[in-house]
Structure formats: structure tokens, C-alpha cells
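Indexing begins at 1, ligand by ligand and atom by atom, following the structure's order.
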Amino acid sequence: MSGRLAVIGLGPGDPRYLTAEAAGALVEADALYGYGPYLDRVPIRAHQERHPSDNREEAARAGEALRHAAAGGRVAVVSGGDPGVFAMAAAICEQIETGPDAWRALDVVVIPGITAMLAVAAQIGAPLGHDFCALSLSDNLKPWPLIERRLDAAARAGFVIALYNPVSRARPWQFGNAIERLRRELPPATPVVFGRAVGRPDERVEVTTLGAADATPAGTVAVDMATLVIVGTRETRTIVRPGLPPLVYTPRTTAEASI
Ligand code: SAH
């Protein structure tokens, strides 16, 4: 019996963001693994086993899913957004590289999804219209000083920066610290976009500036685990429109030598 393991991106939330390929692969699976809230987005089908786990248990979940596939199962591992962006596809590869030889013989497919930064960018215009990078602010898997170096380098190099995992209950101070560092490199007027729970009923997208980005309760912006933050460059612009939300965009050309 030969098993199959599909690592599936569900997109940011709403079913309209689920690709046809992902929907097909979900139907074909006879066992689903993933972080509980992500599994809850997948319609229940009879005879389909569900194995929810906590979001800190990625390595264990990957190992379990691989064992299940190696025993002949048609297994799906689900991720929010894209499974290759700070998510399960790399966790699966890590386990395959260090695991039993049989895991290398498995039919493994990675099915892409719309990642949070693309969903947020599309809601507000084109902030990622020129060169950009993505950075996770979580220091669970890398040391904080490395994150600081990357933030400084990205801002100096003139990249728009998409910040994933800006805060969590266990990491309350990192976001404010990151904003402070970016202020050393970029002007206070630099546009900053906060996209929260995009594609879900409580979706909220707000535009602010680097100067005001860490304003808390009295200010306008609150950041949490479901928020993706896009920090612009010196080139990023906000177009104010009467009676309509602003458009934030980064022009396709840049004249300034930013390094
Ligand atoms: N694989 C996911 C990212 C996982 S990291 C993807 O490709 O989108 C988790 C972080 O992604 C969150 O802390 C948040 O920064 C961001 N995120 C995930 N879903 C989101 C959504 N619907 N709206 C805004 N940000 C989201």
C-alpha cells in the first residue's frame, strides 16, 4: 500500500480564497492533520479522520502525519495561508530529512495557498508593488538579535517588509521593539498597513504611519496574532480618496539609491 501526503494551503480564511486544487486534495484525503482552528475551516466529511493539534506542536504533527502516510494513508496536513510560508511544508521536509528512509519514498505534494501578505496587500492597493521581503517576528525558532539584524538590513536595503507573527501572548514586546528599530532607518511618515483576520468575518485593514504604528489603547491600532503588518519604504505612497478607503502602493520604479 503506498501512502500519500498532501500539505495544503487553505488561504487566509474565507472559502473564496481556497484554490480548486486545494479543495480537491481535501476531498481526497482520508485523514486530516493541522492546528485545530485551521481544521475547523474544512467541511466535515464522513469517514475522514481528524487529528487537531496545538500550534506549537508542528514537528510532532509532521512526524505523526508522515507515519500515517507511510502506513498507507491518504493524509492531508493543512496550513493557513500558504503551507510554505512560516508553516507546515518546511516542518514536513525537516522530518523527512532526519526520519526513516521509507519517508523519502512517499508521494509528497505541496499545494500552495494565498499567503496573508498577499491577501492584506490586495485589500489596500499595491504596497508590495516593488521589491519586498517577509519576516517572522517570532523568536521561537531563531534568536531575537538575528531578527533585529534582518530588520535593520531590510529597511536599509529599501525593501517593503511584511511582518508575520508580530506578537503573541508569550511575546508582548517584540513588535514595539521592531517598530522602534525601523524608525531609526525610515521616516515617521512611512506608510504602515495592519491587516487583521483578512478573509474572516472580523476582518479589519487599517493604514497608519511608522511614527504612530505602536500607539496603544488610546491610539488607533491594536496588533495581535491574527495581524499581518506591512511596513512601506520611502517610496510607498498613500492616496487619500473622498468617501473611500485609502490606496497604499509602492511604485514599480525607484530612482533613489537606497543603499
Ligand atoms: N502560512 C501562513 C502564515 C503562518 S504564520 C500564511 O501563509 O499566511 C501566522 C501569521 O500569519 C499570523 O501571526 C499573522 O501575522 C499572519 N496571518 C495568518 N492569517 C492571517 C489573516 N487571515 N489575516 C492577517 N494575517 C494573517
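Among all non-hydrogen protein atoms, the one lying nearest atom 11 (O) of ligand 1 is Y164 CD2, 3.4 Å. Protein heavy atom in closest approach to atom 3 (C) of ligand 1: V85 O, 3.5 Å.
Residue T115 has at least one heavy-atom neighbour below 4.0 Å for each of these atoms of ligand 1: 6 (C), 7 (O), 8 (O). The atoms of ligand 1 that sit less than 4.0 Å from any heavy atom of T227 are 14 (C), 15 (O), 25 (N).
Minimum heavy-atom separation, L10 to Y38: CD1-O, 3.5 Å.
Contacts of S168 with ligand 1, taken as heavy-atom pairs under 4.0 Å, are absent altogether. With a heavy-atom cut-off of 4.0 Å, R200 touches ligand 1 through its side chain alone. Of the heavy atoms in A87, only side-chain atoms (C-beta onward) come closer than 4.0 Å to ligand 1.
When atom types are taken as modelled, the side chain of T250 and the backbone of P127 share a donor-acceptor pair closer than 3.5 angstrom. Between the R50 side chain and the L39 main chain, a donor and an acceptor come within less than 3.5 Å of each other.
Residue-ligand proximity: S79 is placed with every non-hydrogen atom at 4.0 Å or more from ligand 1. Distances shorter than 4.0 angstrom do not occur between any heavy atom of G199 and any atom of ligand 1. In this structure, G195 counts as a contact residue of ligand 1, since one of its heavy atoms falls inside 4.0 Å of the ligand.
The side chain to side chain contact (heavy atoms under 4.5 Å, CB included) with Q48 is formed by just one residue from the set L32, L26, D30, V27; it is L32.
Taking the six-membered ring where the residue is Trp, the centroids of F132 and F159 are separated by 6.0 Å or more.
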